[in-house]
Number of protein chains: 2
Amino acid sequence: MNLKELSALLGLSQTTVSRALNGYTDVSEATRARVQAAAKLHDYRPNTRAQALATGRSRVIGHVIPKISTHAMVNPIFADFITGAGETYSQHGYEMLISVVDVDEEEKAYRAMKRRGLVDGLIVSAPRRNDPRIELLDGIGLPYAVHGRATGTTRPYTWLDVNNRRAFARATAFLLDLGHRRIGLINGLEVMDFAHRRRQGYEEALRARGLAPDPELMRQDEMTEGYGWRAARDMLALPDPPTAFLVSSVVCMLGVRRAVDEAGLVLGRDVSAVTHDDQLSYLRDDGPVPAFTATRSSVREAGQRLARMVIDRIDNPEAPHRQDLLEADLIIGRSTGPAPS
Amino acid sequence: MNLKELSALLGLSQTTVSRALNGYTDVSEATRARVQAAAKLHDYRPNTRAQALATGRSRVIGHVIPKISTHAMVNPIFADFITGAGETYSQHGYEMLISVVDVDEEEKAYRAMKRRGLVDGLIVSAPRRNDPRIELLDGIGLPYAVHGRATGTTRPYTWLDVNNRRAFARATAFLLDLGHRRIGLINGLEVMDFAHRRRQGYEEALRARGLAPDPELMRQDEMTEGYGWRAARDMLALPDPPTAFLVSSVVCMLGVRRAVDEAGLVLGRDVSAVTHDDQLSYLRDDGPVPAFTATRSSVREAGQRLARMVIDRIDNPEAPHRQDLLEADLIIGRSTGPAPS
DNA sequence: CCAGACGGCCAAAGCGCTTTGGACACGCCC
DNA sequence: GGGCGTGTCCAAAGCGCTTTGGCCGTCTGG
């Protein structure tokens with residue numbers, strides 16, 4: 001059933017039927033009701049492609065996954081983030097397009113998306129410092145919103161981020177208050193803006209207590225379980241090992257716990273650890289007292305909010321850019337305790 | 001730059017330019033070369049929406065994520081699967097559309113996708129036993145391919161699955177060979193077809209050695225770290241505890257390891273465990289000797305292959321349905337050893 | 001030398017929708 | 001009664017592609 005058939009059935013013009021369904025006021029309420037009833041009865045849905053062609057808007061929002069190589073890491077927060085965004089999109093009548101793109105073809109991919117009219121807007125994930133994509137997208141003229149920030153970028157842009165610096169400063173201060181003096185940082189890759197900011201928070205909190213950050217206690221890598229394990233194991237084997245860890249992801253934290261266990265130590269007694277917790281659904285740490293002390297911020301909720309932000313930009317491209325800085329909660333779990341004396 | 005402008009520029013008709021770019025033979029090689037050069041020079045990309053409208057094909061493949069409630073679990077394999085599929089799609093000029101849909105509106109969503117011409121085909125994930133979606137999609141007339149199988153469905157359909165029954169039978173036999181007699185099964189939800197098959201394999205292997213499956217040693221739930229931990233902890237506290245576990249996912253396995261550690265036992269010595277390993281990138285278990293003995297099968301590769309299968313169905317809807325049964329590798333790691341005597 | 005095949009090109013229709021620019025009828029006021 | 005606003009409706013023109021059906025000249029074989 002298409003518009004032509006539906007209007008023939010009703011004895012009305014396509015114009016009138018279209019306008020009735022789209023809420024225009026120049027159609028009488030009686031006709032509108034009749035049209036709506038018929039549309040419902042025959043389960044009429046306007047063809048998206050035709051609609052998109054006629055209106056110039058596709059009602060699709062794109063997410064680009066840059067692919068480094070065939071064996072590249074998939075971001076573990078990806079699934080929860082997507083789910084959150086997808087919820088908001090469907091509430092607002094948008095669809096989500098996901099494109100896996102070779103990292104060196106990313107620019108071409110963005111341009112193609114625009115030219116081909118594939119999407120009305122984009123979500124930019126995993127911004128790096130001075131991320132070139134922001135200027136690029138402004139140049140292309142595609143509305144977008146960034147998940148995270150790109151330190152060093154001067155032009156205004158729309159973003160949503162967790163206050164990573166503050167979260168890690170608080171977590172560090174918390175560990176310092178517990179008497180820990182040597183605190184290992186098991187960070188994500190610091191080309192990633194969030195990881196860079198986390199280190200800043202960590203160093204800042206140390207310096208505020210007159211402690212100098214020790215390069216030996218700072219690691220960065222892709223956040224896998226294996227990396228968490230290796231990093232913690234190696235640091236625990238140092239002559240002057242840390243008594244606490246600050247960890248960038250629950251996935252890594254699981255590796256840290258393994259290393260601590262294997263060293264014959266007890267987490268929360270001999271060694272403390274605080275992790276950042278994105279509240280990934282399959283690693284949810286609930287229960288009366290959570291296993292891990294964590295700076296917590298839901299990535300699914302971030303997805304929801306950011307989706308709304310792109311939609312707003314699409315609807316209103318001239319509006320000033322919005323920024324949203326979420327504070328992470330500090331959740332006290334069983335992985336921290338006073339520093340052993 | 002659109003087709004009209006490009007053809008004006010070349011002094012050719014739109015027809016000729018279009019046909020030149022689309023590889024028709026009724027345009028001279030000289031003209032074709034000239035057209036291609038101009039297209040490249042001006043970075044011409046046909047507008048997807050117009051193309052879709054004209055051809056009746058959108059070159060988009062849909063993935064539906066059924067949403068149970070706001071706090072529902074996101075499948076941890078989702079991200080890697082998507083990445084695999086996305087790689088294949090982009091190689092073949094397809095885009096991937098992901099739709100988060102309330103589970104009770106799934107049927108409506110599929111119908112809408114068809115009517116609105118949103119997608120040319122679909123991937124069906126997480127099939128349940130007697131999954132109604134297969135008949136539904138046949139009825140709607142939308143090509144699809146299923147990731148997994150739906151036991152009880154009689155009509156032919158296209159699927160790709162891991163031989164879960166065989167994998168778990170092998171793993172069970174392996175543990176039995178090591179002398180284990182009480183083997184706990186920490187399974188996924190058994191409404192899911194894969195989990196049901198895994199239990200079959202497990203029970204089959206036990207019975208082949210004259211052992212009766214003990215309901216006390218069989219759990220099923222959503223596969224989170226916490227579930228793995230609780231299940232293992234509870235079973236280890238039984239009067240006659242298992243000496244080995246069979247675990248449905250590395251995510252659960254991490255919880256199992258935690259429970260084993262907390263019980264003061266050593267994994268691979270006091271307690272053995274075999275897990276299924278989807279080779280999720282952020283939980284990759286490499287290293288010279290992997291930490292976990294596992295039945296291993298790459299979900300990313302599954303995504304790649306399945307993507308190709310839908311594309312084949314779209315290109316050739318009358319071809320017989322293809323089925324693809326992948327055998328999992330049994331990888332011996334450090335989480336298994338002879339049963340303690 | 002002519003019919004027919006063929007290579008190379010094009011005008012125009014059509015995909016299913018939205019939107020522009022009226023048309024028409026009616027009632028109101030001066 | 002003529003002019004004017006108002007409330008409803010519609011024909012037709014696009015949106016940017018693909019595809020159908022044909023045109024026109026050149027080549028080939030009988």
Side-chain angles (χ1 to χ4, degrees), chain A residues 1-36 38-39 42-60 93 95 111-120 315, chain B residues 1-36 38-39 42-60 93 95 111-120 315:
Chain A
M1 173 72 51
N2 60 24
L3 186 61
K4 196 200 247 177
E5 289 161 9
L6 184 64
S7 39
L9 212 89
L10 282 161
L12 288 168
S13 74
Q14 293 192 37
T15 309
T16 304
V17 174
S18 170
R19 300 189 74 101
L21 291 172
N22 290 321
Y24 282 69
T25 52
D26 65 350
V27 33
S28 75
E29 279 314 316
T31 338
R32 187 194 305 283
R34 211 159 62 85
V35 169
Q36 279 171 344
H42 298 91
D43 194 29
Y44 165 73
R45 313 270 175 155
N47 180 303
T48 332
R49 304 176 303 218
Q51 216 167 18
L53 186 57
T55 58
R57 299 201 11 194
S58 64
R59 298 200 75 85
V60 171
E95 301 291 337
R111 291 195 187 283
M113 284 196 163
K114 168 72 172 182
R115 310 204 83 102
R116 302 179 45 201
L118 255 183
V119 301
D120 292 340
D315 290 343
Chain B
M1 174 72 51
N2 60 25
L3 186 61
K4 196 198 247 176
E5 290 161 8
L6 183 64
S7 39
L9 212 88
L10 283 161
L12 289 167
S13 74
Q14 293 191 36
T15 309
T16 304
V17 175
S18 170
R19 301 188 75 102
L21 292 172
N22 290 321
Y24 282 70
T25 52
D26 63 352
V27 30
S28 75
E29 280 313 317
T31 328
R32 187 194 305 284
R34 211 160 60 85
V35 169
Q36 279 171 344
H42 297 93
D43 194 28
Y44 165 74
R45 314 269 174 154
N47 180 303
T48 331
R49 304 175 305 214
Q51 215 167 18
L53 186 58
T55 58
R57 298 196 18 189
S58 62
R59 299 200 76 86
V60 172
E95 301 292 336
R111 292 195 187 283
M113 284 194 163
K114 169 71 173 179
R115 309 205 84 104
R116 301 178 46 201
L118 256 182
V119 300
D120 292 340
D315 290 343

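In what follows, every chain begins at residue 1, and chains take the letters A, B, ... in the order their sequences are listed.
The shortest distance between side-chain heavy atoms of B/His42 and B/Leu9 falls below 4.5 Å. Side chains of A/Pro46 and B/Arg116 form no contact here, defined as non-hydrogen atoms less than 4.5 Å apart.
Atom CD in B/Gln14 sits about 10 Å away from atom P in D/dT18, given to the nearest Å. Atom CG of A/Asp26 and atom C1' of D/dG5 are 16 Å apart (whole Å). A/Arg115 places its CZ atom 14 Å from the C1' atom of D/dG16, with the value rounded to the nearest Å. Atom P of nucleotide D/dG16 and atom OH of B/Tyr44 are separated by 10 Å, given to the nearest angstrom. Note: CZ (A/Arg59) to P (D/dC15) measures 22 Å, nearest angstrom. Going from atom CZ of B/Arg45 over to atom C1' of D/dC17 covers 16 Å, rounded to whole Å. Summarising the geometry, the separation between CG on A/Leu118 and C1' on D/dC17 is reported as 14 Å, rounded to the nearest angstrom. At whole-Å resolution of the value, NZ in A/Lys4 and P in C/dT18 are 15 Å apart.
For the OP1/OP2 pair of D/dG16 and a distance below 4.0 Å, the side-chain nitrogens and oxygens of B/Gln51 include no atom meeting the criterion. A/Ser18 has a side-chain polar atom (N or O) that falls below the 4.0 Å cut-off from OP1 or OP2 of C/dT18. In this model, the phosphate group of C/dC9 is approached by a side-chain N or O of B/Thr31 to a distance below 4.0 Å at OP1 or OP2. A/Tyr24 has no side-chain polar atom (N or O) that falls below the 4.0 Å cut-off from OP1 or OP2 of D/dC9. Considering only side-chain N and O atoms, A/Ser28 lies nowhere under 4.0 angstrom from the phosphate OP1 or OP2 of D/dT8. Using a 4.0 Å cut-off, no side-chain N or O of B/Asn47 falls inside it from OP1 or OP2 of D/dC15. Within the structure, a side-chain polar atom (N or O) of A/Ser13 is placed less than 4.0 Å from OP1 or OP2 of D/dC10.
When each of B/Gly11 and B/Thr55 is assigned the nucleotide of DNA chain C with its nearest heavy atom, B/Gly11 is the one assigned upstream, toward the 5' end. For the pair A/Thr25 and B/Asn22, both in contact range of DNA chain D, the more 5′-proximal nearest nucleotide belongs to A/Thr25. Between A/Ala50 and B/Val27, the residue whose closest nucleotide on DNA chain C is further toward the 5' end is B/Val27. Nearest-nucleotide assignment on DNA chain D puts the 5′-proximal partner with B/Pro46, out of B/Pro46 and B/Arg19.
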Step by step, work out the salt bridge (Lys or Arg N to Asp or Glu O under 4.0 Å) result for A/Asp26 and A/Arg19.
CA-CA 8 Å; A/Asp26 65 350; A/Arg19 300 189 74 101; 3.3 Å; yes
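For the residue pair A/Ser13 and A/Thr16, a side-chain donor N or O sits within less than 3.5 Å of a side-chain acceptor on the partner.
Between B/Asp43 and A/Arg115, at least one side-chain N (NZ, or NE/NH1/NH2) sits under 4.0 Å from a carboxylate O, which counts as a salt bridge. With respect to A/Asp315 and A/Arg57, a salt bridge is recorded, a charged nitrogen being found less than 4.0 Å from a carboxylate O.
Among the atoms of the strands shown, base atoms are found under 4.0 Å from some heavy atom of A/Thr15. Within the 4.0 angstrom heavy-atom criterion, no nucleotide atom of any strand lies near A/Arg49.
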